[in-house]
Amino acid sequence: MESKHSINDFVIKFANVNGTGSASANGMFAKAIFRMGIPVSPRNIFPSNIQGLPTWYEVRVSRDGYLGRRGGIDMMVSVNPQSFAKDVSELDPGGYMLYDSTKPLDLRHVRRDISYLGIPLTEMCLREYSDARQRQLFKNVIYVGALSALLNIDFAILKDLVGEQFKGKEKLITPNIHALEMGHQYASTHFDCPLGIHLKAGEQTPKHIQEFDQILMDGNTAAALGAVYAGATVAAWYPITPSTSVVDAFEKYCRRLRIDPGTGKKNYAIVQAEDELSAMGMVIGANWNGARAFTATSGPGVSLMSEFLGLAYFAEVPAVLVDVQRAGPSTGMPTRTQQSDILAAAYASHGDTKHVLFFPATPAECFSMTVEAFDLAERLQTPIIIMSDLDLGMNEWMSPPLEFDDNYQYDRGKVLSGADLEAMTERFGRYLDVDGDGIPYRTYPGAHPNKGAYFTRGSSRDEYAAYTEDGDVYVRNMDRLLKKFETAKALVPEAKIKPAAEPTKDALLFFGTTASPAYEALETLEKEGIHLDTLRLRSFPFTQEVEDFIEEHHRIFVIEQNRDGQMRRLLLNETNVEANAKLISVVEYDGLPVTARKIASVIRGYMGVNNVTPLVPREKELA
Amino acid sequence: MESKHSINDFVIKFANVNGTGSASANGMFAKAIFRMGIPVSPRNIFPSNIQGLPTWYEVRVSRDGYLGRRGGIDMMVSVNPQSFAKDVSELDPGGYMLYDSTKPLDLRHVRRDISYLGIPLTEMCLREYSDARQRQLFKNVIYVGALSALLNIDFAILKDLVGEQFKGKEKLITPNIHALEMGHQYASTHFDCPLGIHLKAGEQTPKHIQEFDQILMDGNTAAALGAVYAGATVAAWYPITPSTSVVDAFEKYCRRLRIDPGTGKKNYAIVQAEDELSAMGMVIGANWNGARAFTATSGPGVSLMSEFLGLAYFAEVPAVLVDVQRAGPSTGMPTRTQQSDILAAAYASHGDTKHVLFFPATPAECFSMTVEAFDLAERLQTPIIIMSDLDLGMNEWMSPPLEFDDNYQYDRGKVLSGADLEAMTERFGRYLDVDGDGIPYRTYPGAHPNKGAYFTRGSSRDEYAAYTEDGDVYVRNMDRLLKKFETAKALVPEAKIKPAAEPTKDALLFFGTTASPAYEALETLEKEGIHLDTLRLRSFPFTQEVEDFIEEHHRIFVIEQNRDGQMRRLLLNETNVEANAKLISVVEYDGLPVTARKIASVIRGYMGVNNVTPLVPREKELA
Amino acid sequence: MTYAKPAFRHPEAKTNDVGCTRRDYEGGLSTLCAGCGHDSISAAIIDACFDLSIEPHRVAKLSGIGCSSKTPAYFLSGSHSFNSVHGRMPSVATGANLANRDLIYIGVSGDGDTASIGMGQFAHVMRRNLNMTYIVENNGCYGLTKGQDSATMDTESVSKKGDINPYTPIDLVRVGIEVGATFVGRSFSGDKAQLVPLIKAAISHRGFALLDVISPCVTFNNHQGSTKSYASFREHNDAMPVDFIPRREAITTSYDAGIVHEVCMHDGSVLRLQKVNEEYDIEDPQSALDAIAHHAKEDRILTGLLYIKRDSEELHDVLQTASKPLNTLNQRELCPGSRFLDSINAGLR
Amino acid sequence: MTYAKPAFRHPEAKTNDVGCTRRDYEGGLSTLCAGCGHDSISAAIIDACFDLSIEPHRVAKLSGIGCSSKTPAYFLSGSHSFNSVHGRMPSVATGANLANRDLIYIGVSGDGDTASIGMGQFAHVMRRNLNMTYIVENNGCYGLTKGQDSATMDTESVSKKGDINPYTPIDLVRVGIEVGATFVGRSFSGDKAQLVPLIKAAISHRGFALLDVISPCVTFNNHQGSTKSYASFREHNDAMPVDFIPRREAITTSYDAGIVHEVCMHDGSVLRLQKVNEEYDIEDPQSALDAIAHHAKEDRILTGLLYIKRDSEELHDVLQTASKPLNTLNQRELCPGSRFLDSINAGLR
Ligand SMILES: Cc1ncc(C[n+]2csc(CCOP(=O)(O)OP(=O)(O)O)c2C)c(N)n1
Ligand SMILES: Cc1ncc(C[n+]2csc(CCOP(=O)(O)OP(=O)(O)O)c2C)c(N)n1
Ligand code: SF4
Ligand code: SF4
Ligand SMILES: [Mg+2]
Ligand SMILES: [Mg+2]
């Protein structure tokens, strides 16, 4: 058997029991690699449970700076007997299996094509600690220590991280470092260190990684920071995985930044609503009244908000909604990722409605697009839905640092102030298309003693906000709303188009978290002589560029993480191109992020090229 | 000025005040024409109000048996000063204006190109009646009496109708007949009777009308009867215009048919839920437990039900929902018609969901499709949404009689009884695809002492209904659901295809209430030498025939009553044809049913043909 | 169709402390049925706002869907208004109030809108003690959808359709007291002498003020057996009139001191209660529930101010929001700028 | 992860009147946190059903979403179960019950599922007096989403995150009594001696039986200041134990007669109450509310059967549904056939 060999390029997976403190130890492991300057992307694969079920943590180390899932596992750290059999079977041939050797290895789980590294974790803890909790907790720290020897992690960095983690609880530092050392010691004395796969600091990293002074952060925190920077003052929400940490992070930053030091009073308000209908109602009420307000939710919440989204569309009230998508339908797999709310979000609510969608692909975009969303929601007076997902929202991603231009000014949209109203000679018409862009002017309640008051409603009204059942007036209003949606095309984040090295009529189209594996697949294919232009969608409605791109290509692979090829359908629907045959669905919907290998393999299939890189056996072919 | 002349072919519109009892008088007028054997189609155009606002009643008399709206008005009966100016302006040149001449005609409302027929209705009532309510009420009866002279309505029929209406309240009959006579008398003595437009019994009627012994009924009542005939035992609903009369009628028939004469107990249960979410929950609960249950709602209700619709799709619970569509978005125009919930219904709920839709075009189809919906919902174990609309649901339509084949047996779908379970040797798997059609077997709670119990959930599960987060198992389940949707194509009501008299590559595609005006436009165009094949959609998912039809034609006009061309989009989405350019939207969305004139004129435009029949000036051209 | 305008009581000429005439508080032409109780309530709101010398533009009106929810169009046309969706006005009001704590929020709802589809939001807005006046125009039926029974319809009463209502009604004032409303009153649309001062007191209350106003639907629920019709209410009504004296007039009452109970409002104004049948501590929720139950047992509806919690914390107190309305904060006050972002970035390395 | 199985009390061998052992009432392996109160409740449900000799397949289990709502998977695996969507179990239960009145319906919910998102459905299912047992596994927090405060969380108590809850809790038993539940009890997951008989009584009750069972979340809400933790409950608990005697055993109690209050259940079985601190008429809702309030003022939680309405009309009585379950009616019984359609057609000419 030949063991795997690779420097700075491998996948390691941790198999733990939920609620045993493994998350922080595993996080420290990933962060240490990040600190060494080596591209890393960790992913939590956790159950919908609080304690006791299997949970995994997959860490990809990628010399080339690929942050999407690669597919395949080179090393497994399995400390969960429940999942051991499955864990063993998942390892690539030549891979390494680190396990708790306190009990002898069950022979049924022995494979000849992998290396076993047994460490008596339980035994070591039993010997070392008397407290049951500590015995549990330090197991994780010990294996991280062992990995530092096996994989060549800079031990000083680990020590720093422990110090940072327990700042303020100094007396926990020593035992943690001790546990790390025990692990390191054990591995150094029992195994040939480092393994064939290991880390090496100071190696050449790809340009796009070098260029930036990278940070490691999750998309939900970034979106929350975006809301802070956009000046959101009201957040109303209802807890739901995987969106909960958006408002949690918003609150954390508001506590730091928005409490008046003199009075101790808050320049923000966060309300945990009784459900998602109510959360969206609050967001609409607050925006109507001139505060920037938002909510965050996931699929079931979007379904519940659909009546209110229709109201906001029709009554023309701004709103920002972060949809951190998970695997549907219904409750589905609440702790797995998907991009499957696209049609539900685009057409949320009965009647002729359409909503503006943003598709962030990185934490940096979660930040910047959230800032932008507040501007655009107010400019267009309509809801903006930011379509994030569990993978982006809850996992830590290497990202260029967040940037904010201090010269940038909020665009609060067309709002007439008291002074504007005072100066006005003509009659104020809330729904008059004064500028020909479909966007009318609004006023905040209380703006002026006797001008500008109007009646907001979800029913049909004329230009002066008076109720009407006159068909012509209704049509005029509906047509204006459509014109406004046209106007939106010039304002939404534009698609990113990247031509291939050589002219081609083939293309890849993707968005959000399909971007990372897509770019990786692209480079792989390019090396094989398969050239594809790319378009990364960043928003809906689609701009002319998107239409032109589809027009210009013969075959466009649309990569998305849902069963029904929802983005492909939205493209068919909302562009004026004959694209049925040319838009080819590449879908992955098992709840885990699509891998670069999968994308590459499907495209090779279409190109009639044999698989030139070995595929992991369990990879399914696309139907 | 030349007055209109036409026998059995004109449009008459009544302008009344809401809540003044005009509805029943106007209804009697339409019914009398129907009884004369002359094709007639009445339409209520009413406000979202209980008393005091303008309301209209438009009656089309059509020798050729056209039941859709024609466009244009030949005679106006205006007894509402609020709307008088508008009413006058709407009349076609040469038309007749019947008005209350108690007060002299306001000169601003005088047109030279129409004939005025003044009847001092208020004065006559003041003279004749002392009670304020009677003075109000009999005005309506008097003008119906006048019309009987002016238009040549068989007076005996009117008398019969009064008799039927006041069966049991005999002392009301005489005064009503007296009022009719007063009107008749006044018209006979003051005007040349009949007018240029009038009725003539015994004229040749078109074959499709002759063939049947027609009835006059509304779609909501027909759908309710369908539910009765399908054996629905549970109805849960929340009041909303224009769907309310579905459950009202269901209750009415259940009271007649489903009360045990011995015990006085009910073989049905109707619950007015606290909202639409709850109504859909009840329907799901009852269907899960083996009763046939349904609900009826309109747009806002569909939005609110979307979370539950996703549950029913994913947990595979049958449900029947009648969506009587009205003008959206949001509260929109609640008393106007539209076909604008198509996308919202087809893709209701987050995640990868799709729902089966039926599109009835006539009361007879409301009946038969509702019966079918219960079968299919149980066969497919999924919700079926019947897409009716206000025009079909709340107006009375001439229709062939309802038919029911006594040999027909309910299809209760794949349900294992206690005996089936007893006989089973293999393990019961609730979500096993035993037959390869994607449809698994279910059991009712309590069916067997120790077999067949399973856990229903909206979360991911394996074939044996056990919770799972295993991606492969999840995908298997999702793929089976897709296969089931494929299976549905063979089971849903097929599209109706009608070739043109001469071979053509042009076609009309329509559904529901666009069918009547479309068929009429077709005949008009045919006479002008414009030939179009037609396809009437009756369900979603689309069958192969629909795809082939689109494939085979060069230009397909998709006629629908919404702004966004939602059916066209659904066709683009859900067929594998290049159809972007060939599917041409013909939309009307002002809340009134689209007219034949409008359809014909738009198509002529595309054909490069000049308008050969005069168009009513106020008809808007399509953008 | 009626104007909510009994001009005889308030001659146009009379102006209040902010220089407004009663006409300045009126709204559009009502499209409700002639004689609908809801129009009387609109008139009472007009009177109350006029009397309180509220500047109309400092009021935000909110409602759901129903005949009752249409009424904000018929009073205070100088105020912004939000006619939202069915049963969900409380959440819209909550958001609006969070954005600007300085306006006066008046919500109008129906019994269908509140007790059926809106039950959840209704309970939770009370639990949060949102600073608003919430008026339920309670007619025991769904007026706008033509008279179906609502959840406040009395058991056994017969609807226009002839059906006997078999369910127990939900008593909104009891629910209000149970889940946290801090001002709970009941009145009758036809009793202006009681209703106007109650509305004034409710508006002056700091926190959630619930007014359950019985408001007959003349078209669908004005019939024998329904306690929500004019006829039956007049029989059963056990009036507990209130007289509200705005602070700035500082007039003491001339009523017999022995039967007057003074309640000090949060804005300093004094509410004087005259109890007709009994004395109980209206600041004790359990006593209020007892009294309501006692009267209910005797088939009487207790009206007036039934419960009040003084010095309660309204939502902004609870959330410790700054006194400056959130919607007035500008970018300088809200946006931390790039410097702080640098420190965030540093912490993520 | 724990099995809900205290095997020491019920040796496997023992069978009940329908020939089942306790094991026949068990469910799958629990995936809740070790020590979670919810598992104790599952165990109590198992005991109650065993004791009552219920045939497992005659039970339908229903739930919403949450740790609590997962528990139907951990008991009565021989029963059908419907784990629906968050907060909407009551409507699903209503539909199910309408379809087949002959099954026993046991609903399990959480405080988030019931008091927040589910408040509207919860109130209305009680108003309808649906014949079911509704158990709220009340831990004052959202367990499954990691510990946010719920609407039943005590004011001022401190969550794991360190936040002080500023809102007034909603007391579910009070809401239940107000809106029409006909059997209202409260207990504590750790008090099996009280809980098992209460569940048995609830199941035997004809109509809506609400059990608010305080069930500590060991992971997120087992801390100082929360009355929903084990520690605090033991201190504050003012137990009112119940002893339930199924009719077919007809054993009279050996307790001191002076402090036992007998309640006759609808199925004829007798529920005996022992009151620790006071006597009140548990058939009078206002007395029950008074007693609860009295104890609450003294910072005690009153447990036991708190209110019962005997001879109430459950939903099927109200609707006058036939005694034969609707889901057993066949086409012959339901379909009027073409003859009747002819008469319909005739009437429409
Ligand atoms: C989601 C939704 N469901 C149903 C309706 C239909 N609807 C309009 S008003 C109303 C009930 C109104 O009753 P209530 O609130 O008591 O007001 P009232 O008309 O009696 O004053 C209903 C059910 C709606 N507009 N929206
Ligand atoms: C519509 C919807 N919103 C939010 C969620 C997320 N969610 C799952 S469980 C839960 C709360 C559970 O709290 P509780 O009912 O008290 O149950 P516990 O876990 O405490 O037993 C929430 C908010 C969801 N599943 N569905
Ligand atoms: S229907 Fe009833 S509630 Fe509605 S306006 Fe008429 S009287 Fe008022
Ligand atoms: S999180 Fe709390 S409620 Fe959920 S299983 Fe754990 S202890 Fe129980
Ligand atoms: Mg009402
Ligand atoms: Mg809980």
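Below, chains carry the letters A, B, ... as their sequence lines are ordered, and counting in each starts from 1.
Looking at B:Val473, there are no atoms closer than 4.5 Å to chain A (heavy atoms on both sides), in backbone or side chain. Only the backbone of B:Ala579 comes within contact range of chain A, with heavy atoms under 4.5 Å apart. Contact of A:Ile45 with chain B is not made at all, since no heavy-atom distance falls under 4.5 Å. In this structure, the portion of B:Phe46 lying under 4.5 Å from any heavy atom of chain A is its backbone and not its side chain. Using a 4.5 Å cut-off between heavy atoms, B:Arg563 touches chain A through backbone and side chain atoms alike.
Each of A:Pro54, A:Ser306, A:Ala344, A:Gly310 has some count of heavy-atom pairs under 4.5 Å with chain B, and the biggest count is that of A:Ser306. Counting heavy-atom pairs under 4.5 Å between each of A:Asn562, A:Thr468, A:Asp470 and chain B puts A:Asn562 at the top. In terms of non-hydrogen atom pairs under 4.5 Å with chain B, the most contact-rich of A:Ala312, A:Ser303, A:Ala581 is A:Ser303. In terms of non-hydrogen atom pairs under 4.5 Å with chain B, the most contact-rich of A:Gln325, A:Lys354, A:Arg326 is A:Lys354. When the candidates B:Met333, B:Arg457, B:Arg476 are compared by the number of heavy-atom contacts under 4.5 Å with chain A, B:Met333 comes out ahead. Annotation: maximal heavy-atom pairing with chain A below 4.5 Å, among B:Pro334, B:Ala345, B:Ser459, occurs at B:Ser459. When each of B:Val577, B:Thr575, B:Val302 is checked for heavy-atom pairs under 4.5 Å with chain A, B:Val577 comes out on top. Put simply, of A:Gly328, A:Gly458, A:Gly591, A:Ser460, the one with the most heavy-atom pairs under 4.5 Å next to chain B is A:Gly458. Chain B forms more heavy-atom pairs under 4.5 Å with one residue of A:Arg461, A:Gln339, A:Glu307, A:Lys86 than with any other, namely A:Glu307.
With rounding to the nearest 0.5 angstrom, the CE atom of A:Met478 is 7.5 Å from the OG atom of B:Ser340. Note that CG of A:Leu343 is 12.5 Å distant from OG of B:Ser349, once rounded to the nearest 0.5 Å.
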**OP:** Please assess B:Gln566 against A:Asp352 for the test side-chain contact (heavy atoms from CB on, under 4.5 Å), listing each intermediate value before the final yes or no.
**Re:** CA-CA 8 Å; B:Gln566 297 190 22; A:Asp352 287 305; 2.9 Å; yes
**OP:** Assess whether side-chain contact (heavy atoms from CB on, under 4.5 Å) is satisfied between B:Arg569 and A:Glu574, documenting all intermediate values.
**Re:** CA-CA 8 Å; B:Arg569 287 175 205 270; A:Glu574 300 282 349; 3.1 Å; yes
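Side-chain contact annotation: A:Tyr467 with B:Asn49, donor-acceptor N/O pair under 3.5 Å absent.
A heavy-atom distance below 4.5 Å is found between the side chains of A:Glu469 and B:Ser48. Side-chain contact between A:Pro300 and B:His350 is present, with heavy atoms from C-beta onward closer than 4.5 Å. Residues A:Leu304 and B:Leu277 are in side-chain contact: their nearest non-hydrogen atoms beyond the backbone lie under 4.5 Å apart. Put simply, the side chain of A:Leu572 does not reach to within 4.5 Å of the side chain of B:Asn580, judged on heavy atoms. A heavy-atom distance below 4.5 Å is not found between the side chains of A:Tyr347 and B:Ile342.
The nearest pair of heavy atoms linking A:Arg568 to B:Asn576 is NH2-OD1, 4.5 Å. Between A:Asp590 and B:Tyr474 the shortest heavy-atom distance is CA-CD2, 4.2 Å. What you find for A:Phe314 and B:Gly332 is that their closest heavy atoms are CE2-CA, 4.2 Å.
Side chain of A:Gln338 to backbone of B:Gly351: no donor-acceptor contact under 3.5 angstrom is found.
Between A:Asp564 and the options B:Leu482, B:Thr353, B:Asn573, a side chain to side chain contact (heavy atoms under 4.5 Å, CB included) holds for only B:Leu482.
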